Structure formats: C-alpha cells, structure tokens
Colleague: 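This is the structure I want to talk about, given as structure tokens.
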Amino acid sequence: MKVILKATFLTAVLAASVNLAHSEPTNTPHYSKAEIKQMVHEAHTTQQYRTLADYFRGQQQKFDQEARSEKQEWERRSQNTTGLAQKYPRPVDSSKNRYEYFSYEAEDMSQQANRYETLAAKAQ
C-alpha cells in the first residue's frame with residue numbers, strides 16, 4: 001500500500017514539474033490596475049512610453065493566445081449539436097463569447113500599444 005501511495009505521489013510531482021517546464025515564460029512584468037493607471041498618468045519620457053507599449057504588447061499576445069485556444073474549443077464544441085448541447089446556454093455559445101471577448105481585448109491592447117509606441121517615437 002505504501003509503495004502504491006509513493007508511486008502515485010511521485011507521478012503527481014513528475015506531472016506537475018513537466019507542466020511547469022512546458023508553461024510559457026512570462027516576459028512582461030505584472031502590474032496592478034492602479035500601477036498601470038499611475039504609469040499612464042506619469043508617462044512623459046521615451047522610456048516610460050516604451051515600458052507601457054511593451055506591457056500592452058505583452059497583454060495583446062496573452063489575449064491572442066487565449067483567443068486561439070478558445071477558437072479551437074469553439075470548433076470542437078460546434079461538432080456536438082445533440083442532446084444537452086442544444087439547451088441554453090449551449091457550450092458552443094459560451095466558447096464563441098469567450099473567443100469574441102479575447103479577440104476584442106487583444107485588439108484593444110494592440111491599440112494601446114500602438115498609441116504608446118507613437119508617443120515614444122515622438123518623444124525622441
């Protein structure tokens with residue numbers, strides 16, 4: 001019994017370490033909403049504008065990745081149109097809404113990044 005328990009624990013630890021190794025490294029720093037708001041308010045130099053542009057580009061990439069993932073889920077769920085999948089709210093509708101949300105957010109982050117890249121270029 002102890003051998004099985006140890007083997008199960010070892011397998012779980014190994015699986016967790018493999019997932020951790022395959023996860024994407026985050027190159028963009030994490031800021032709170034208050035920190036971003038303060039940075040936007042205080043930005044007047046080229047470096048400050050570039051920092052904001054880099055942050056928004058990172059957010060755009062994150063949302064683009066989420067949108068691609070949700071698009072695949074949407075396509076997978078659209079294959080099943082019988083039984084419980086027909087009751088409202090349908091799983092396919094949920095995936096579609098999430099895909100549209102992530103796409104919208106990615107576009108918004110792209111516009112923000114473009115704005116700060118333009119300001120950085122003008123500040124030079």
Side-chain angles (χ1 to χ4, degrees):
M1 183 69 172
K2 287 185 179 182
V3 173
I4 294 172
L5 187 59
K6 287 180 182 179
T8 303
F9 177 72
L10 183 60
T11 304
V13 169
L14 183 61
S17 65
V18 168
N19 285 339
L20 186 60
H22 287 291
S23 65
E24 289 184 23
T26 55
N27 294 337
T28 58
H30 297 285
Y31 298 112
S32 68
K33 280 189 169 186
E35 290 172 324
I36 292 297
K37 187 175 181 179
Q38 182 179 6
M39 289 169 65
V40 166
H41 182 68
E42 294 175 351
H44 297 295
T45 66
T46 302
Q47 185 58 36
Q48 290 170 326
Y49 289 137
R50 283 191 181 144
T51 301
L52 285 167
D54 291 343
Y55 170 77
F56 286 117
R57 279 288 169 225
Q59 291 297 307
Q60 176 199 0
Q61 291 171 354
K62 182 183 100 175
F63 283 120
D64 279 337
Q65 177 61 35
E66 290 287 334
R68 282 192 297 274
S69 174
E70 202 58 45
K71 175 96 171 164
Q72 291 173 347
E73 183 65 14
W74 178 19
E75 290 170 354
R76 186 189 70 77
R77 287 181 176 184
S78 67
Q79 302 291 323
N80 182 14
T81 57
T82 60
L84 293 175
Q86 289 298 329
K87 293 185 178 183
Y88 184 80
R90 299 180 318 163
V92 69
D93 294 335
S94 173
S95 289
K96 178 183 177 222
N97 291 339
R98 285 177 49 85
Y99 167 74
E100 290 173 349
Y101 167 75
F102 290 133
S103 296
Y104 172 81
E105 288 295 323
E107 181 60 32
D108 186 41
M109 294 298 131
S110 175
Q111 290 174 358
Q112 292 283 351
N114 287 338
R115 176 177 176 228
Y116 289 109
E117 288 167 351
T118 303
L119 288 171
K122 286 181 183 179
Q124 284 182 338

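Counting begins at 1 with the first residue of the sequence. Computed from a predicted model, the values in this text were never measured in an experiment.
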Colleague: Taking side chain to side chain donor-acceptor pair (under 3.5 Å) as the definition, give me every residue that meets it alongside D93, ordered by chain and number, with sequence neighbours left out.
Modeller: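 Side chain to side chain donor-acceptor pair (under 3.5 Å) list for D93, sorted by chain: R90.
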Colleague: Under the rule for side chain to side chain donor-acceptor pair (under 3.5 Å), what residues qualify as partners of S69, not counting sequence neighbours?
Modeller: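 None.
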Colleague: Does Q124 have any side chain to side chain donor-acceptor pair (under 3.5 Å) partners at least two apart in sequence or in another chain, and if so, which?
Modeller: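 Partners of Q124 under the side chain to side chain donor-acceptor pair (under 3.5 Å) test: none.
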Colleague: Mind checking whether Y31 and L52 have side chains closer than 4.5 Å, heavy atoms only?
Modeller: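 Sidechains of L52 and Y31: no contact.
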Colleague: For A123 versus T46, what's the shortest heavy-atom pair and its separation?
Modeller: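 Minimum heavy-atom contact is CB-OG1, 3.3 Å.
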Colleague: Salt bridge or not for K62 and E66, using N-O below 4.0 Å?
Modeller: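 Looking at K62 and E66, the cut-off is not met.
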Colleague: Quick one: side chain to side chain donor-acceptor pair (under 3.5 Å) partners of S95, sequence neighbours excluded?
Modeller: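 S95: side chain to side chain donor-acceptor pair (under 3.5 Å) contacts with E70, R77.
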Colleague: Run the numbers on R76 and E73 for side-chain contact (heavy atoms from CB on, under 4.5 Å), then give the verdict.
Modeller: CA-CA 5 Å; R76 186 189 70 77; E73 183 65 14; 2.5 Å; yes
Colleague: Report the distance from atom NE2 of H44 to atom NE2 of H41, rounding to the nearest 0.5 Å.
Modeller: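 Atom-to-atom, H44:NE2 and H41:NE2 are 6.5 Å apart.
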Colleague: Please report the interatomic distance NZ(K71) to NZ(K96), rounded to the nearest 0.5 Å.
Modeller: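 K71 NZ to K96 NZ: 10.5 Å, rounded to 0.5 Å.
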Colleague: Please enumerate all residues that pass ring pair (Phe, Tyr, Trp, His ring centres under 6.0 Å) together with Y99, with sequence neighbours excluded.
Modeller: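 For Y99, the residues satisfying ring pair (Phe, Tyr, Trp, His ring centres under 6.0 Å) (neighbours in sequence not counted) are W74.
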Colleague: Would you compute the distance between atom CZ of F63 and atom CD of Q59 and round it to the nearest 0.5 angstrom?
Modeller: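 CD of Q59 is found 5.5 Å from CZ of F63.
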Colleague: Mind listing the side-chain donor-acceptor pairs of residues 104-120 below 3.5 Å, one per line with the distance, residues two or more places apart or on another chain?
Modeller:
residue : atom : partner : partner atom : Å
N114    : OD1  : R57     : NH2          : 2.4
N114    : ND2  : S110    : O            : 3.3
E117    : OE1  : R57     : NH2          : 3.1
E117    : OE2  : R57     : NE           : 3.1
T118    : OG1  : N114    : O            : 2.8

Colleague: Counting only N and O atoms by type, is there a donor-acceptor contact under 3.5 Å from the side chain of S103 to the main-chain atoms of E100?
Modeller: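 Checking the backbone N and O of E100 against the side chain of S103, no donor-acceptor pair under 3.5 Å is found.
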